[in-house]
K.L.:
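Can you keep this structure in mind? I'll have questions shortly.
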Amino acid sequence: MGKQDQKKFVEHITPRSEDFSQWYTDVILQSELVDYAPVRGCMVIRPYGYAIWERIQQEADSRFKATGHQNVYMPLLIPESLLLKEAEHVEGFAPEVAWVTQGGQEKLQERLAIRPTSETIFCAMYSKWVGSWRDLPMKYNQWCSVMRWEKSTRPFLRTSEFLWQEGHTIHETAEEAQQETLQMLDVYQEVAEKELAIPVLCGRKTDKEKFAGAVATYSMEAMMQDGKALQAGTSHNFGTNFAEAFEIQYLSRDGKLEYVHETSWGISTRLIGAIIMTHGDERGLRLPPRIAPIQIVIVPVAAHKGGVMEKCDEVFAQLTAAGFRVKVDDRDTVSPGYKFNDWELKGVPVRLEIGPRDIENNQAMAFRRDTCEKAPVALDGLVESMTALLDDIQQTLFKQAEALRDGRIKVVHTMEELNEVVQTGFAKTMWCGDPACEEKIKQEMNATSRNMPFDQTPVGDTCVCCGKKADKLIYFAKAY
RNA sequence: CGAGGUGUAGCGCAGUUUGGUAGCGCGUUUGGUUCGGGACCAAAAGGUCGCAGGUUCAAAUCCUGUCACCUCGACCA
């Protein structure tokens, strides 16, 4: 059987352009990021996928610490009575809460919610821990999983259980809480853009789209390659809503009993889905170097020949010592060509091929995953050249994503234009602030408001929907 | 929740119309030759045909029920 015949039997990825959804499924399964679990709506995150999550955790967590937050851990289960305390919050989450009703053989007196988020339990503890203004602020975060009984799920994008981080803070003043809310959104934006190479649009959610129980919700919105929006991170200012419901009070500087001002903010394993759908191509994943579990893979060519493996190990040691995340693919069961495709599918930013010819010339062949270009690179000064190359790949991925996104954001003034634009991207337009207009757009074109950007430079003065006077700049899009 | 589709070896599929001992490719195992873009030869292992009933001498195939998954829609911070 010839090579051509062989090809058709090899696993392949459905072309992105043909069926984006199927492409996504093919890529996540074949690249071994994730697998379906025996439980409906849940996923198993495999080692390669989990390694990406650990990279995201490292980058986010170090920034949380740098901004004065401490990690804690709250219990998985929340007593029903606690969950019921904040009315709007309960209403928002009730439909998707999973309940524990029995322990061993014993039916529970009070059923326990498996946390869909932990505001209520943080509030219960804060009310116990806070006494004086001297105790404030309290800025805590936890890394955990939460469960929401979702009706339809996709790995990473929406699963019944998912991993995330939830920060919960309490402050003396409204100003401080607002500052915290915006600061953490900034942190998220930096992680998304600098580390994940995903450009995001930050702004405020409409009342319709805000978090249940919040005074204000802010989000960062990313655009996937199919033009749909993915909410990639959120930050909420609760004002004193929860403090009043949970009686979180402190004795102020002038001796009065005051409610604390509270915030919460979160990012999740959804970000992995965002990386895939932002950067992936026909060959599979393209991981940004700063987040890639393996930044450089070394593939020996003719590994059995004298000196090849030795040279690979030598280069590995040199690069590892310099701080790169490196792997030598020393499998002797598959050919170099197979390895090339395999690591491209897995999105490793740089591949170094080292064979007898390279060793002769004191070089390696360097393949960069972003552009799929291959060129020789000198083994002398490799640390410097790899530093520059990885940095360039990081920048290139960001610029590509940004260019694609910006090309698909269009200013619209009419419902017809809006409908047209949300088929392929984001519509930037003016809105009067009436939820009825938002609802109408959702009903008629299945597009929702994403957020109102901080830069409110107007693109008109009438509402795209009702035509009345409008002063709110807003993005609409179809969303994941 | 609604419409449509799919369940047969680890993966991808044929076989179902017309009932008659379970097939193909990839992968896996063993041995050998290979190695610069998904290598080749030889031998071998591997399946309660999603599940439960029913019809029949006989069911992957026909009937009833059920479960899971996929696509689209509804719903969803």
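The basis for the numbers below is simple: all heavy atoms, side chains too, and nothing from hydrogens, waters or symmetry mates. Throughout, a chain's letter reflects where its sequence line sits, starting with A, and its residues are numbered from 1.
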K.L.:
By nearest heavy atom, map A:Glu96 and A:Glu353 onto RNA chain B; which one lands nearer the 5' end?
P.N.:
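Nearest nucleotide further toward 5': that of A:Glu353.
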
K.L.:
Can you tell me how far CG of A:Leu76 sits from CZ of A:Arg115, rounded to the nearest 0.5 angstrom?
P.N.:
5.0 Å

K.L.:
Determine whether any donor atom in the side chain of A:Arg283 lies under 3.5 Å from an acceptor atom in the base of B:G38, or the reverse, and answer yes or no.
P.N.:
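It does not, because no donor-acceptor pair links the side chain of A:Arg283 to the base of B:G38 below 3.5 Å.
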
K.L.:
Expressed in whole Å, how much space separates the P atoms belonging to B:C24 and B:A43?
P.N.:
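One P to the other, the span is 14 Å.
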
K.L.:
If the P atom of B:A3 is compared with that of B:G46, how far apart are they to the nearest Å?
P.N.:
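The same atom, P, in both gives a distance of 44 Å.
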
K.L.:
For A:Leu352 and B:G36, give me the distance from atom CG to atom P, rounded to whole Å.
P.N.:
18 Å

K.L.:
Can A:Phe242 and A:His89 be said to form a ring-ring contact (aromatic ring centres under 6.0 Å, His included), step by step?
P.N.:
CA-CA 9 Å; A:Phe242 280 88; A:His89 185 69; 5.1 Å; yes

K.L.:
Please tell me if the side chains of A:Gln363 and A:Arg357 come closer than 4.5 Å, counting only heavy atoms from C-beta onward.
P.N.:
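They are not in contact (no side-chain heavy atoms under 4.5 Å apart), so the answer is no.
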
K.L.:
With a non-hydrogen cut-off below 4.0 angstrom, is A:Glu88 in contact with a base, only sugar-phosphate, or nothing?
P.N.:
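Here A:Glu88 touches no strand at all.
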
K.L.:
In whole Å, what separates the C1' atom of B:A59 from that of B:U21?
P.N.:
13 Å

K.L.:
Using Watson-Crick or G-U wobble geometry with both distances below 3.5 Å, tell me the partner of B:G7, or none.
P.N.:
B:C67

K.L.:
With the threshold set at under 4.0 Å for non-hydrogen atoms, list the residues of residues 293-303 of chain A touching RNA chain B in residue-number order.
P.N.:
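When residues 293-303 of chain A is checked for heavy atoms under 4.0 Å from RNA chain B, the hits, listed by number, are A:Val301, A:Ala302.
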
K.L.:
Nearest to the side chain of A:Arg158 - B:C76, B:C35, B:C75?
P.N.:
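The answer is B:C76.
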
K.L.:
When you measure from the side-chain N and O atoms of A:Tyr36 to the phosphate of B:C70, is any distance below 4.0 Å, counting only OP1 and OP2?
P.N.:
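Result: yes.
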
K.L.:
Report yes if a side-chain nitrogen or oxygen of A:Ser335 is closer than 4.0 Å to either non-bridging phosphate oxygen (OP1 or OP2) of B:A39; otherwise report no.
P.N.:
yes

K.L.:
Enumerate the salt bridge (Lys or Arg N to Asp or Glu O under 4.0 Å) contacts for residues 73-88 of chain A, please, sequence neighbours excluded, ordered by first and then second residue.
P.N.:
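Pairs touching residues 73-88 of chain A that pass the test: A:Glu80-A:Arg111.
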
K.L.:
If I take atom CE in residue A:Met309 and atom C1' in nucleotide B:C35, what distance separates them, rounded to the nearest angstrom?
P.N.:
13 Å

K.L.:
Expressed in whole Å, how much space separates the C1' atoms belonging to B:G7 and B:U66?
P.N.:
14 Å

K.L.:
Thinking salt bridges, do A:Glu438 and A:Lys442 make one under a 4.0 Å N-O criterion?
P.N.:
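No.
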
K.L.:
Between B:G27 and B:G20, how many Å separate the two P atoms, rounded to a whole number?
P.N.:
32 Å

K.L.:
Measure from CZ on A:Arg331 to C1' on B:A39 and round the result to the nearest Å.
P.N.:
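It is 15 Å, rounded to the nearest whole Å.
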
K.L.:
Given atom CG of A:Asp26 and atom P of B:C70, what is their separation to the nearest angstrom?
P.N.:
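Rounded to whole Å, this separation is 13 Å.
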
K.L.:
Between A:Asp281 and A:Arg283, does any NZ, NE, NH1 or NH2 come within less than 4.0 Å of an OD or OE carboxylate oxygen?
P.N.:
no

K.L.:
Do the non-hydrogen side-chain atoms of A:Leu379 and A:Lys311 ever get within less than 4.5 Å of each other?
P.N.:
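Sidechains of A:Lys311 and A:Leu379: in contact.
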
K.L.:
Applying ring pair (Phe, Tyr, Trp, His ring centres under 6.0 Å), which residue pairs with at least one partner in residues 265-284 of chain A are found, sequence neighbours left out?
P.N.:
A:Phe64-A:Trp265, A:His69-A:Trp265

K.L.:
What's the separation between atom CD in A:Glu244 and atom SG in A:Cys123, rounded to the nearest 0.5 Å?
P.N.:
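It comes to 11.5 Å.
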
K.L.:
Checking contacts here: which listed nucleotide (B:G38, B:C75, B:C76) is nearest the side-chain heavy atoms of A:Gln443?
P.N.:
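So the side chain of A:Gln443 is nearest to B:C75.
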
K.L.:
Just wondering, are more than 12 heavy atoms of other shown residues or ligands nearer than 6.0 Å to CH2 in A:Trp149?
P.N.:
no

K.L.:
Measure from OH on A:Tyr480 to P on B:C75 and round the result to the nearest Å.
P.N.:
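Rounding to the nearest Å, OH of A:Tyr480 and P of B:C75 are 18 Å apart.
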
K.L.:
Report, one pair per line, the protein and nucleotides 71-73 of chain B atoms (nitrogen or oxygen only) whose separation is under 3.5 Å.
P.N.:
unit_1 : atom_1 : unit_2  : atom_2 : d
B:U71  : OP1    : A:Ser21 : OG     : 3.4

K.L.:
Indicate whether the side chain of A:Glu439 and that of A:Gln443 have a donor and an acceptor atom separated by less than 3.5 Å.
P.N.:
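Side-chain D/A pair, A:Glu439 to A:Gln443: present.
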
K.L.:
Say you pick atom C1' in B:G37 and the same atom in B:G32; how far apart are they, in whole Å?
P.N.:
25 Å

K.L.:
Base, sugar-phosphate, or nothing for A:Arg351, non-hydrogen atoms under 4.0 angstrom?
P.N.:
base

K.L.:
Donor-acceptor pairs under 3.5 angstrom involving side-chain atoms of residues 210-223 of chain A: please list them, not counting sequence neighbours.
P.N.:
unit_1   : atom_1 : unit_2   : atom_2 : d
A:Lys210 : NZ     : A:Ala214 : O      : 3.1
A:Thr217 : OG1    : A:Phe211 : N      : 2.9
A:Thr217 : OG1    : A:His236 : ND1    : 2.8
A:Tyr218 : OH     : A:Gln178 : NE2    : 2.8
A:Ser219 : OG     : A:Glu221 : OE2    : 2.8
A:Ser219 : OG     : A:Asn451 : ND2    : 3.2
A:Glu221 : OE1    : A:Arg450 : NE     : 3.1
A:Glu221 : OE1    : A:Arg450 : NH2    : 3.1
A:Glu221 : OE2    : A:Lys205 : NZ     : 2.9

K.L.:
In whole Å, measure the gap between the P atoms of B:G38 and B:C75 for me.
P.N.:
49 Å

K.L.:
In the strands shown, is B:A39 matched to any nucleotide by a Watson-Crick or G-U wobble pair with both distances under 3.5 Å, and which?
P.N.:
B:U33

K.L.:
Starting at atom CD1 of A:Ile354, determine the distance to atom P of B:G37, rounded to an integer number of angstrom.
P.N.:
16 Å

K.L.:
Just name whichever nucleotide pairs with B:G2, Watson-Crick or G-U, keeping both distances under 3.5 Å, else none.
P.N.:
B:C72

K.L.:
Do A:Val34 and A:Ile272 come within less than 4.5 Å of each other through their side chains, counting heavy atoms only?
P.N.:
no

K.L.:
How is A:His236 classified with respect to the nucleic acid when contacts are heavy atoms under 4.0 Å: base, sugar-phosphate, or nothing?
P.N.:
nothing

K.L.:
Among residues 356-369 of chain A, which contact RNA chain B at a heavy-atom distance under 4.0 Å?
P.N.:
A:Pro356, A:Arg357, A:Asp358, A:Met365, A:Phe367

K.L.:
Map A:Lys339 and A:Pro336 onto RNA chain B by nearest heavy atom, then report which one ends up closer to the 5' terminus.
P.N.:
A:Pro336

K.L.:
What is the distance from CD of A:Glu32 to P of B:C11, rounded to the nearest Å?
P.N.:
13 Å

K.L.:
Quick check on B:C76: is either OP1 or OP2 less than 4.0 Å from any side-chain nitrogen or oxygen of A:Lys442?
P.N.:
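For B:C76, OP1/OP2 do have a side-chain N/O of A:Lys442 under 4.0 Å.
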
K.L.:
Under the salt bridge (charged side-chain N to carboxylate O under 4.0 Å, His left out) criterion, do A:Glu282 and A:Arg16 qualify, and how do the steps go?
P.N.:
CA-CA 6 Å; A:Glu282 304 299 358; A:Arg16 241 180 341 176; 3.7 Å; yes

K.L.:
For the P atoms, the ones on B:U33 and on B:C26, what distance do you get once it is rounded to whole angstrom?
P.N.:
22 Å

K.L.:
Side chains of A:Thr278 and A:Arg405: any donor to acceptor distance under 3.5 Å?
P.N.:
no

K.L.:
If you look at every strand shown and take non-hydrogen atoms under 4.0 Å, does A:Gly92 touch a base, only sugar-phosphate, or nothing?
P.N.:
sugar-phosphate

K.L.:
Tell me: CZ of A:Phe20 to P of B:C70, nearest whole Å?
P.N.:
17 Å

K.L.:
Using purine N1 to pyrimidine N3 plus N6-O4 or O6-N4 for Watson-Crick, or N1-O2 and O6-N3 for G-U wobble, both under 3.5 Å, which nucleotide pairs with B:G20?
P.N.:
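When the pairing criteria are applied, B:C57 turns out to be the nucleotide that pairs with B:G20.
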
